[in-house]
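The block underneath contains the structure these notes are about, expressed in structure tokens.
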Amino acid sequence: MKENLGEQVTGETPVGWRLQTIKKRAVIQLMGSRVWGRFNPNHWDVDYAKSTGLSAPIQTGEMTSAYISEMCVNHFGRHFFCGSRVACKYINATVADEVISVHGVISQKLVVEEGWRFVVDVWCENEVGDKKTVGTVEVTVPTADKDEIQ
Amino acid sequence: MTSDERDPATAEKATQGHWVRPQTEMQREQTRVFIESLEEDCQPYWEMVEVGDVLSRELCLTPELVVMYADGVEDFNPWYEAWKMNVWRIPGVSPFGSAIVPPLLLSHFILSVQFDHTKPFSIGSIHTFHDSEIIAPIYVGATVQIKTEAIEKFVKRDRRYVRHRAEVYDLSDGEVKFRETRDILSL
């Protein structure tokens, strides 16, 4: 099939390389959809959110984790599904209608038996640079002879 | 600058409710009734959980569930598509053969297991952290078993946290395909 991903991380990719940013708007209708936040009105109802002390409905943190994983699949492709690690802290809530940009920079590149283990610093922030989610992703990119899925 | 001090144009839009769902009086009433139905006798999560509590449920990762999850975060990677308008269920295509589930989909559904679904939901809890291992791809259509165990309760900066460990087994081969440690901040 024709793949529609970004530039792939390979053994040639250096520390400091930036993954291409993606952007999402915190759309209240998506925040409150059934498989996401419908179970808790803090994720979609303005009046309820205000009654619990919030300025507006907030996203579930897992939505920003999903954004981060989308960015990683764009650049690590199939390797992201085999032995990777994603650790995220939700340090600030994402409020309805904010535009979230997702960022990643390769911070370490370790030689391992299969190839290279890349460590990526990842974060999500709003339009004015307030960080919402920060974390680390680790992905192994195998050498051609160790790559079981070619 | 904090989230509450957004640029004036955004704040003005929010004040005017431009992004809020438009509702007629009947829709507002339907929403009010739904919210009231959720407000059962909730307890703080801290008091609902004891260290050592183990919960387990099975989940069938149907094509429809997967596209609903992916649509919610506007992730339109075709690797996750085993449902297509007009055609409906299809095998799909990914580098592993047929369609697979998005990498962190199971992380989202662990929540539904660690909160005992037979009890009222603990509104007021906040998910603050996860450390997830994506061990191997899971195919759309698989049935998985999600097991969670409360492993720690701790207080940090006067806030109460409950930590869980979760494992996701693919019942087609019995292998663990996803593992996670996650923290919930409780009232």
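We name chains A, B, ... by the order of the sequence lines, and we start the count at 1 in each one. Since this is a predicted model, take the numbers as computed values, not measurements.
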Could you measure the distance from the [atom1] atom of [X] to the [atom2] atom of [Y]? Nearest 0.5 Å is fine.
X	Y	atom1	atom2	answer
A/R85	B/S132	CZ	OG	9.5 Å
A/E70	B/Y80	CD	OH	7.5 Å
A/S65	B/L104	OG	CG	6.0 Å
B/I134	A/C82	CD1	SG	10.0 Å
B/I126	A/N40	CD1	CG	10.0 Å
B/L111	A/T60	CG	OG1	8.5 Å

message: Tell me whether the rings of A/Y90 and B/H130 are parallel (<30°), tilted (30 to 60°) or perpendicular (>60°).
response: tilted
- prompt: So A/W44 and B/F34, would you call those rings parallel, tilted or perpendicular, with 30° and 60° as cut-offs?
  reply: tilted
Does [X] reach the side chain of [Y], with side-chain heavy atoms less than 4.5 Å apart?
X	Y	value
B/P103	A/F81	yes
A/E62	B/R182	yes
A/V73	B/D75	no
B/V73	A/L30	no
B/H108	A/W36	yes

Sort [X] into side chain, backbone, both or neither according to what part of it lies under 4.5 angstrom from a heavy atom of chain B.
X	value
A/Y67	side chain
A/V99	neither
A/V86	both
A/K89	both

query: Between B/R32 and A/Y48, is NZ or CZ placed under 6.0 angstrom from the six-membered ring centre and within 45° of the ring axis?
result: no
Quick one: what part of [X] sits under 4.5 Å from any heavy atom of chain A, side chain, backbone, both or neither?
X	result
B/F76	neither
B/D71	backbone
B/I100	side chain

Going only through I, L, V, M, F, W and Y residues with side-chain contacts under 4.5 Å, is there a path from [X] to [Y]?
X	Y	result
A/F39	B/F115	yes
B/V87	B/V67	no
B/L106	B/I135	no
B/Y69	A/I100	yes
B/W83	B/L105	no

Residue selection (most heavy-atom pairs with chain B, distance under 4.5 Å) from [options]:
options	answer
A/V27, A/T94, A/I28	A/I28
A/G37, A/G83, A/S84	A/S84
A/S33, A/G77, A/G32, A/G61	A/G77

- prompt: Is any residue of residues 114-123 of chain A within less than 4.5 Å of chain B by heavy atoms, and which ones?
  reply: none
- request: Kindly check if the number of other-residue, nucleotide or ligand heavy atoms within 6.0 Å of CD (A/Q20) is above 12?
  value: no
message: Just checking B/R28: does its CZ atom have more than 12 heavy atoms from other residues, nucleotides or ligands closer to it than 6.0 angstrom?
response: yes
query: Do A/K23 and B/E74 sit within salt-bridge range, that is, some charged N less than 4.0 Å from a carboxylate O?
result: no
message: Quick check on the structure: residues of residues 162-180 of chain B within a heavy-atom distance below 4.5 Å of chain A, by number.
response: none
